[in-house]
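Note that ligands are numbered from 1 as they come in the structure, with each ligand's atoms numbered from 1 the same way.
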Amino acid sequence: MSPPVAAVVVLAAGEGKRMKSSRSKLLHEIAGHSLVSYSIRTATSLEPERLVVVVGHRRDQVEEHLAEIAPHVVTAVQEEQLGTGHAVQVALSKLTGLTGEVVVTYGDVPLLTAETLMELVVSHRENNSAVTILTARVPDPSGYGRIVRDSGDLVDRIVEHRDAGPDELAITEINSGTYVFDADVLTSGLAAISAQNAQGELYLTDVVEVARTSGKPVRAHLIDDLWQTEGVNDRVQLAQINAELNRRILVHWMQAGVTIIDPATTWVHASVDLAPDVTLLPGTSLEGATSVGAGATIGPDTTLIDVEIGERATITRTQGSLSVIGADASVGPFAYLRPGTTVGPRGKIGTFVEAKNARLGAGAKAPHLSYLGDAVIGEGANIGAGVIVANYDGVTKSTTSVGAHCFIGSDSVLVAPVEVADGAYVAAGSTITADVAPGELAVSRGQQRNVPGWVARKRAGTKTAAAAEAAQANADEGQDVK
Ligand code: UD1
Ligand code: CA
C-alpha cells in the first residue's frame, strides 16, 4: 500500500463480560490463534507507520500475549472504559505529531481480511473522503449503530441503537466499527464530542456528525460478506466464527487441490500447510505448524499438532505431536506419536504403538503393540510385535539404540541404556540388558524344559488330558503304518 497509512488503532479494552471467562476474550482462539492476533495481522498488512492497541480489561494478559506475538505493537492503556471515542483519545496520546490517515478497528472481529481493509483505504483515497466507514446491510441490525445517509452518497451521522428513533431503528445498514479517518478530522472531532447520550459514553461514531457539520465528506464502504463485520461477544459466537473460519480454510485448501471427504468433521488451523493431492478423511484435526506433503492421506479420526508429514505417507487413527514422518511411511491405525518422534522414508509405526523421542531410520518398522521411548532405530530394522524399549529406571531416562537391519524378536524388552549393533538378532521374549555386537544373536530367557506325561498325571479326566491321549494314539498309529 503506497503511501502507507499513518496509524492503525485497534480497540481492545472492553470487558468481554459475556464470555464468562477468567481469560481475556481476546486470547480465546479460533483456528489455533487468538482473536486479537487476527486483528493485529490484518492491521499489520497495511504496513502502517504506527500500530497502537488500546488495552484495559485484563491488560496484563493481553500485553503479555502481544509482546509474544506482535512485539512491534505499541499499547495504550485505557483505565476506565468510557466509550469508543475515549479509547481512541487514549490511543492518540501515543501518536503525537500525527498526520495522514488513521484506521480504527476492533480486536474482536477476526474475519475482517487484509483485502477488505485495503479496499476501505483505497475507497477513502479515491473519493477524497474525510471519514470512510466500513458498513454492511444485515437482516437483524439490533444493537448496532445505524448509518444515516443523506440524499446522496454521503453519510450524515451514525445513531447508536439505544439512541435511535423508530425511523432510524428501521435502517438495516450498520456500522461495523472499522473506519478510516483523516487524522485532523479525527483529532478535532474527538475534541468536540460529549457524552450526552443513552450510555453516557464518548462515542467515536459522533465524530461523523462533527465532520459533516464542518462540511467534510463522510462516506460508507459497504461490504457483502457479513462475517467480516461479526464480533465475538460470547462463546456461542466464538463457536460460530470458528466454524466459519474453518469452513473458509477448508475451501481454500480444496481449491488448492486437497481432497476433504467430510468438511463438517475436519478442522485445519490457519497455520497448517497442505500440498496438492493430500486427502483428509473424516474426523481429522490438523493443528499448529503441521504440514502435509503431496499425496499423503490423513485420517480418519486423527489429530496432529506440529507434525511434518512426508509425501504419500498414510496416517490412520493417530494422535501425534512434534513429530516428523517421512515420505511413503505409514502410521497407525491407533498410534500415539509423542514429541521427538521421527520416522524415515518407508518406515512404519503400526497398530497400538506409542513412540516418544524415537528415531526410526529409512524403512525401519515397528508394526504392532510397542512402546519406543528414547530410541534410535537403524534403517531397515524390524521391531517385533510387543517389543518394549524400557527407557526409564525410575530415576533417569536413557537411550537405546538398535542398528541397521536388526531383527528384534517379539515380546522382547530392551532395557536402556543398551546398544544393539548393526545386523544383530534378539530372540523373541528376551530381556536385553547388555550390548549386542554386530551379527550376534542375543538370547536371554529360561531354557525350555518339557515334562512328558505331565497332563496325564496331573490333569487326569480333563478334556485336555483326553485331547492329549487322542493325539498320542494318532501319532502311535502313524508309527505303526510305517
Ligand atoms: C460500537 C459502535 C457501533 C457499532 C458497533 C459494531 C460506538 C459508540 N458504537 O458499538 O456503532 O455498530 O460497535 O460492533 O462506537 N472499546 C474500548 N474501550 C471502550 C469501549 C469500547 O476499547 O471504552 C472497544 C471494545 O473492546 C470493543 C470495541 O471497542 O472491541 C467496541 O465496543 P462495544 O462496546 O462492543 O461497542 P458497541 O456499543 O457494540
Ligand atoms: Ca460490540
Please state which part of [X] comes within less than 4.0 Å of ligand 1, counting heavy atoms only: side chain, backbone, both or neither.
| X | answer |
| --- | --- |
| Ala87 | side chain |
| Leu82 | backbone |
| Asp108 | side chain |
| Gln78 | side chain |

For ligand 1, find out whether one of its N or O atoms is nearer than 3.5 Å to an N or O atom of [X].
| X | answer |
| --- | --- |
| Gly14 | yes |
| Ala13 | yes |
| Tyr106 | yes |
| Leu204 | no |
| Tyr144 | no |

Is ligand 1 less than 4.0 angstrom away from at least one heavy atom of [X]?
| X | value |
| --- | --- |
| Glu160 | yes |
| Ile174 | no |
| Gly231 | no |

For ligand 1, which atoms sit closer than 4.0 Å to a heavy atom of [X]?
| X | answer |
| --- | --- |
| Leu11 | 22 (O), 24 (C), 29 (O), 30 (O) |
| Tyr203 | 8 (C) |
| Thr84 | 7 (C), 8 (C), 15 (O), 20 (C), 21 (C), 29 (O) |
| Gly145 | 3 (C), 4 (C), 11 (O), 12 (O) |
| Gln81 | 18 (N), 19 (C), 23 (O) |

Can you tell me how the ring of Phe352 sits relative to the ring of Phe334, calling it parallel under 30°, perpendicular over 60° and tilted otherwise?
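The arrangement is parallel - the two ring planes meet at less than 30°.
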Any salt bridge linking [X] with [Y]? Criterion: basic side-chain nitrogen under 4.0 Å from a carboxylate oxygen.
| X | Y | result |
| --- | --- | --- |
| Arg212 | Asp150 | yes |
| Glu15 | Arg58 | no |
| Glu173 | Arg146 | no |
| Arg346 | Asp328 | no |
| Asp156 | Arg149 | no |

Would you say [X]'s side chain and [Y]'s backbone share a donor-acceptor pair under 3.5 angstrom?
| X | Y | value |
| --- | --- | --- |
| Thr42 | Leu112 | yes |
| Arg41 | Ser45 | no |
| Thr341 | Leu337 | no |
| Gln237 | Asn233 | yes |
| Ser323 | Ser321 | yes |

